[in-house]
Each structure stands twice: as structure tokens, then as C-alpha cells.
**Q** 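One structure, as C-alpha cells, below. Some questions next.
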Amino acid sequence: ETGVTQSPTHLIKTRGQQVTLRCSSQSGHNTVSWYQQALGQGPQFIFQYYREEENGRGNFPPRFSGLQFPNYSSELNVNALELDDSALYLCASSPQGAGELFFGEGSRLTVL
Amino acid sequence: GQNIDQPTEMTATEGAIVQINCTYQTSGFNGLFWYQQHAGEAPTFLSYNVLDGLEEKGRFSSFLSRSKGYSYLLLKELQMKDSASYLCAVRDTSGTYKYIFGTGTRLKVLA
């Protein structure tokens with residue numbers, strides 16, 4: 001059984017650019033959520049997708065957007081990057097209705 | 001408001017028992033979770049409580065009191081590999097569906 005995989009693992013962007021992060025959910029999991037984790041902090045919920053629809057969102061501006069595809073993989077897009085967007089971005093998948101989240105290893109974004 | 005509080009750091013000795021506390025205030029509640037996160041790695045699931053009481057899983061136990069907005073994670077027979085951050089998280093289903101994480105407790109286990 002393949003776990004949650006994320007790409008890229010590391011990337012560097014400059015302020016104002018756009019970035020797309022990708023996530024493949026664990027087999028059988030139809031719910032995907034995204035988190036931003038700054039150094040020394042806990043993960044902050046960005047949004048969640050279930051069956052290709054966003055069904056939950058945290059306190060992030062609209063320049064953070066996402067997609068979920070029919071195979072349940074997902075993308076996180078961030079436009080107009082700011083220095084404070086530098087963080088580890090974690091994707092997590094879960095089966096429908098279950099509580100436990102299965103996390104990927106994350107994509108570490110540095111904005112210069 | 002929504003808030004989860006847990007101590008920033010704790011230190012304990014190998015073989016000892018340590019209790020990590022978590023208090024929460026959220027608009028809605030549908031379960032409390034504990035995750036372990038080693039430096040530079042993804043969080044991994046440890047335990048889940050949705051009803052009051054104690055859940056035991058080997059060396060790890062977690063307790064929940066919904067009326068007090070309080071949980072703790074108990075780690076017994078500490079090992080060096082238990083040095084990690086421990087994250088308390090609440091699943092809040094009021095309004096939009098979301099998970100709220102605390103800032104994490106960094107546990108150092110000393111020989």
C-alpha cells in the first residue's frame with residue numbers, strides 16, 4: 001500500500017511568483033487536506049477536499065487555492081508569494097468519515 | 001475563539017513517565033488527536049479520543065474530558081527515540097470542517 005506522496009520536496013521561489021504543490025493520497029482515501037507548518041509551530045489548516053469539492057477552509061487568503069482530481073490526488077496553488085509563505089506544506093489523506101490523518105513528508109517552500 | 005494550549009517544552013529521563021497536557025477551546029468538537037513529529041519528518045498518528053475517558057495503546061495512553069476541554073498524553077517507559085514534538089489537534093465540525101493543531105510540545109528524553 002503506497003502512502004501519501006508529495007512533490008517537490010524542496011523548492012525556492014521569489015516574492016510575487018506562483019507555486020504549485022502536488023499530493024497523491026493513500027490508496028482508498030478520498031479526503032485530502034493541506035496544512036502550512038512554520039518552523040517551531042504546529043500545522044495550520046489551509047483547506048480540505050472531499051470528492052473534488054472543497055468542504056472546509058482555514059483562515060488563509062484566496063491566493064491559496066486547491067484542486068482535487070478524480071483519482072483523489074490534489075494540488076495546492078499559491079499566487080503572489082510573500083516572504084511569510086516560507087514554510088513546510090503538508091498534505092494529509094484520510095478515508096471518508098475517519099479521523100486519523102495520514103501525512104506526506106511535506107514540501108519545504110522558501111520564498112526569497 | 002479557537003485555541004489549543006500545550007506546553008512548549010518538556011524534559012524527562014529514559015525509563016520515566018511523562019504527561020503532556022492539552023487544553024482546548026473550539027466552536028465545535030468531533031474528536032481530539034495526538035500526533036508525534038520527529039524533527040524534519042511528517043506527523044504520525046498516536047491516538048484519538050472522542051468520548052471521555054482513557055484510551056491505552058501500548059506505552060502510550062490518552063485521556064479526554066470534554067466538559068473541561070482537557071486532554072493529556074501519557075508516555076510510559078520513555079525511550080530515547082521518544083524525543084520528538086507531540087501535537088494535540090481537535091477536529092472542529094462547526095461551520096467549515098477543519099482540524100486545529102496546537103503548537104506542539106518538544107519532548108527531550110535524557111539518558
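In what follows, chains carry the letters A, B, and so on, assigned in the order in which the sequence lines appear, proteins first and then strands, with residues in each chain numbered from 1. This one's a predicted model, so the numbers in the text were calculated from it and none came from an experiment.
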**Q** Sort A:E54 into side chain, backbone, both or neither according to what part of it lies under 4.5 angstrom from a heavy atom of chain B.
**A** neither
**Q** So does B:K108 have more than 12 non-hydrogen atoms from other groups sitting under 6.0 Å from NZ?
**A** no
**Q** How long is the span from the CD atom in A:E100 to the CG atom in B:L46, to the nearest 0.5 Å?
**A** 9.5 Å
**Q** A quick test of your reading: do over 12 heavy atoms of other residues, nucleotides or ligands sit less than 6.0 Å from CD of B:E77?
**A** no
**Q** Hydrophobic clustering (ILVMFWY, side-chain heavy atoms < 4.5 Å, transitive) - are A:W34 and A:F102 grouped together?
**A** no
**Q** Identify which part of A:Y35 has an atom lying under 4.5 Å from any heavy atom of chain B, answering side chain, backbone, both or neither.
**A** side chain
**Q** With a cut-off of 6.0 Å (strictly less than), are more than 12 heavy atoms of other residues, nucleotides or ligands near CG of A:N59?
**A** no
**Q** Which heavy atom in A:G104 sits nearest to a heavy atom in B:A42, and how many Å separate them?
**A** O-CB, 2.9 Å
**Q** Is the CD atom of A:E53 crowded by more than 12 outside heavy atoms at less than 6.0 Å?
**A** no
**Q** Does the side chain of B:Y99 come within less than 4.5 Å of A:L101's, by heavy atoms?
**A** yes
**Q** Given the options B:G102, B:G104, B:P43, which has more heavy-atom pairs under 4.5 Å with chain A than any of the others?
**A** B:P43
**Q** Is it the case that over 12 heavy atoms from other parts of the model lie below 6.0 angstrom from the CZ atom of A:R15?
**A** no
**Q** Got a second to check how far A:R57's CZ is from B:K98's NZ, nearest 0.5 Å?
**A** 12.5 Å
**Q** For this output row, return yes or no: ring centroids of A:F103 and B:F45 closer than 6.0 angstrom.
**A** no
**Q** Do B:I100 and A:F60 belong together in a cluster built from hydrophobic side chains that touch within less than 4.5 Å?
**A** no
**Q** Could you look at B:Q37 and say if it's the side chain, the backbone, both or neither that has a heavy atom under 4.5 Å from chain A?
**A** side chain
**Q** Measuring heavy-atom distances to chain B, does A:Q41 have an atom under 4.5 Å in its side chain, in its backbone, in both, or in neither?
**A** both
**Q** State whether the number of non-hydrogen atoms from other residues, nucleotides or ligands found under 6.0 Å of A:L112 atom CG is greater than 12.
**A** yes
**Q** I need the residue from A:G40, A:A38, A:G42 with the largest number of non-hydrogen atom pairs under 4.5 Å to chain B.
**A** A:G42
